[in-house]
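As structure tokens, the structure follows; a few thoughts come after it.
Computed over heavy atoms, backbone and side chain alike; hydrogens, waters and symmetry mates excluded.
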Amino acid sequence: MARISLKDALDRTPEIDRAKLDATTESDIRGYMREDGFDPDAEPVDGWRTVLPPADVRALYGMTQAAFAAWIGVPLATWRNWEQGRTLPDPAARTLLNLLAREPEAARRALGPMVPAA
């Protein structure tokens with residue numbers, strides 16, 4: 001893998017296919033959402049969006065990133081990538097996040113006691 005400086009990366013011209021972007025329809029976008037595990041037609045449940053941001057889910061439990069990641073069995077680096085938007089949780093992880101957000105008592109029973117990270 002080639003390494004470049006941040007300045008070089010920022011100076012590069014983006015390689016965006018404007019014609020393809022302009023040709024993308026709303027129907028295409030909804031199809032991509034379905035492929036990624038989102039239901040574009042879903043109604044919010046109890047005021048929640050379809051998928052809460054990972055940081056918001058963690059905030060519901062008042063835990064640090066390290067403690068929360070350890071509690072749900074996710075590597076800390078992965079959790080940080082999700083919170084910072086560098087990567088998206090896969091469909092199984094999104095399901096877990098929805099469970100954690102919508103059914104906290106069930107999640108606590110299933111995952112066991114929350115233990116602070118060492």
Atom pair CE/CD1 of M63 and I72 - distance to nearest 0.5 Å
9.0 Å
Okay, side chain of Y61, backbone of L100: is any donor-acceptor separation there less than 3.5 Å?
yes
Do the side chains of E83 and R80 get close enough for a salt bridge, i.e. N-O under 4.0 angstrom?
no
Taking every heavy atom of A101 against every heavy atom of L60, the minimum-distance pair comes out as CA-CD1, 3.9 Å
Exercise: do D28 and T25 side chains pair donor with acceptor under 3.5 Å:
yes
I'd like to check F68 versus V74 (side-chain heavy atoms, cut-off strictly below 4.5 Å). Are they in contact?
no
What one should report as the nearest heavy-atom pair of L76 and A69 is CA-CB, 4.0 Å
Do you reckon W82 sits in the same ILVMFWY cluster as L111, going by side-chain contacts under 4.5 Å, direct or chained?
yes
Do any N or O atoms from the side chain of R108 and from the backbone of P113 form a donor-acceptor pair under 3.5 angstrom?
no
Mark yes or no for whether T95, through its side chain, and P91, through its backbone, hold a donor-acceptor pair below 3.5 Å.
yes
Let me check something: any side-chain donor-acceptor pairs from residues 6-15 under 3.5 Å, sequence neighbours excluded? List them with distances.
residue: K7; atom: NZ; partner: D11; partner atom: OD2; Å: 2.6
residue: D8; atom: OD2; partner: S5; partner atom: OG; Å: 3.2

Determine yes or no for a side-chain-to-main-chain donor-acceptor pair under 3.5 angstrom, with W71 supplying the side chain and G112 the backbone.
yes
With sequence neighbours excluded, residues passing side-chain contact (heavy atoms from CB on, under 4.5 Å) with A106
E103, R109
Work out which heavy atom in P54 is nearest to a heavy atom in W79; give both atom names and the distance.
O-CZ2, 3.3 Å
What do you reckon, is CZ of R86 surrounded by more than 12 foreign heavy atoms closer than 6.0 Å?
yes
